Amino acid sequence: MPREARKAAVNAYKDRAVEAGIYAIRCAATGETWVGGAPDLPPIRNRLWFTLRLGTNTHRTLQDAWNRHGADAFAFEIVERLDEEASGYVRDRAMREHLTRWADRLGAVRI
């Protein structure tokens, strides 16, 4: 990739809108669900799947289920996008509240 194209790609990535929200991971084999929050939703699935494939995910129940049932048993879903205008403390507080609500609603483990 030419230097100018690489520089343009980096700038486009930095300028993109960051989308915070709540996601769910479901295991079809067991019916288990895990929910988490991310300040930047688009890359979170790849990050989670990467650690799960390596066996280094810090959420033991999720990693154990992944090891037993494999990648094909898992689905990733964004369940809520948070208000783009909120930032800092307000966004963090809202994320904690929404995460608790989704965990209760789905009977899920918070991660």
Side-chain angles (χ1 to χ4, degrees):
M1 177 181 268
R3 182 181 177 137
E4 289 179 20
R6 185 172 56 241
K7 190 174 182 179
V10 168
N11 286 336
Y13 179 80
K14 288 179 182 178
D15 291 340
R16 71 184 172 77
V18 175
E19 188 176 38
I22 309 299
Y23 61 87
I25 301 169
R26 300 175 196 268
C27 177
T30 65
E32 292 174 283
T33 303
W34 296 264
V35 293
D40 192 8
L41 282 172
I44 195 67
R45 183 198 177 278
N46 288 340
R47 187 175 309 143
L48 287 165
W49 263 232
F50 179 76
T51 61
L52 289 163
R53 281 192 309 270
L54 289 178
T56 59
N57 191 280
T58 58
H59 308 290
R60 289 306 343 146
T61 60
L62 176 56
Q63 184 69 62
D64 290 345
W66 180 278
N67 293 343
R68 280 191 315 273
H69 305 290
D72 291 339
F74 288 83
F76 178 88
E77 172 188 4
I78 295 173
V79 294
E80 183 177 6
R81 288 176 170 81
L82 298 181
D83 182 14
E84 293 178 21
E85 300 300 316
S87 64
Y89 173 75
V90 173
R91 186 188 66 207
D92 293 344
R93 191 179 89 230
M95 188 167 319
R96 283 191 305 272
E97 291 170 0
H98 291 242
L99 184 56
T100 298
R101 188 173 340 127
W102 278 105
D104 291 345
R105 183 182 297 171
L106 300 174
V109 175
R110 287 179 54 174
I111 59 173

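All heavy atoms count here, side chains included; hydrogens, waters and symmetry mates do not. Just so it is clear, the model here is predicted, and its values are computed rather than measured.
The CG atom of Asn67 sits 9.5 Å away from atom CG of Asn57, with the distance rounded to the nearest 0.5 Å. If you take CZ on Arg53 and CD on Gln63, they are separated by 11.5 Å, rounding to the nearest 0.5 Å. Atom-to-atom distance recorded for Met95:CE and Glu80:CD is 10.0 Å, nearest 0.5 angstrom. To the nearest 0.5 Å, atoms CG (Leu82) and CG (Leu99) are separated by 10.0 Å. Taking CD1 of Ile25 as the reference point, atom CG of Leu62 lies at 5.0 Å (rounded to 0.5 Å).
In terms of the ring-ring contact (aromatic ring centres under 6.0 Å, His included) criterion, residue partners of Trp66 (sequence neighbours excluded) are, by chain and number, Trp49, Phe74.
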Going by atom type alone, with no hydrogens or angles, which donor-acceptor pairs under 3.5 Å involve a side-chain atom of residues 27-38 and a protein atom two or more places apart or on another chain?
residue : atom : partner : partner atom : Å
Thr30   : OG1  : Glu32   : N            : 3.1
Thr30   : OG1  : Glu32   : OE1          : 2.9
Trp34   : NE1  : Thr61   : OG1          : 2.9

Let me have the donor-acceptor pairs involving side chains of residues 104-111, under 3.5 Å, with sequence neighbours excluded, atom names and distances please.
residue : atom : partner : partner atom : Å
Arg110  : NH1  : Thr100  : OG1          : 2.8

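With a 6.0 Å radius and a threshold of 12 heavy atoms from other residues, nucleotides or ligands, Arg60 has its CZ atom above the threshold. Around atom CZ of Phe50, no more than 12 heavy atoms belonging to other residues, nucleotides or ligands sit under 6.0 Å away.
No chain of hydrophobic side-chain contacts below 4.5 Å, direct or via other Ile, Leu, Val, Met, Phe, Trp or Tyr residues, connects Tyr23 to Val79.
Looking at Arg101 and Glu97, no side-chain N of the basic residue comes within less than 4.0 Å of a carboxylate O on the acidic one, giving no salt bridge.
Nearest heavy atom pair, residue Leu48 against residue Phe76, reads CD1-CE1, 4.3 Å.
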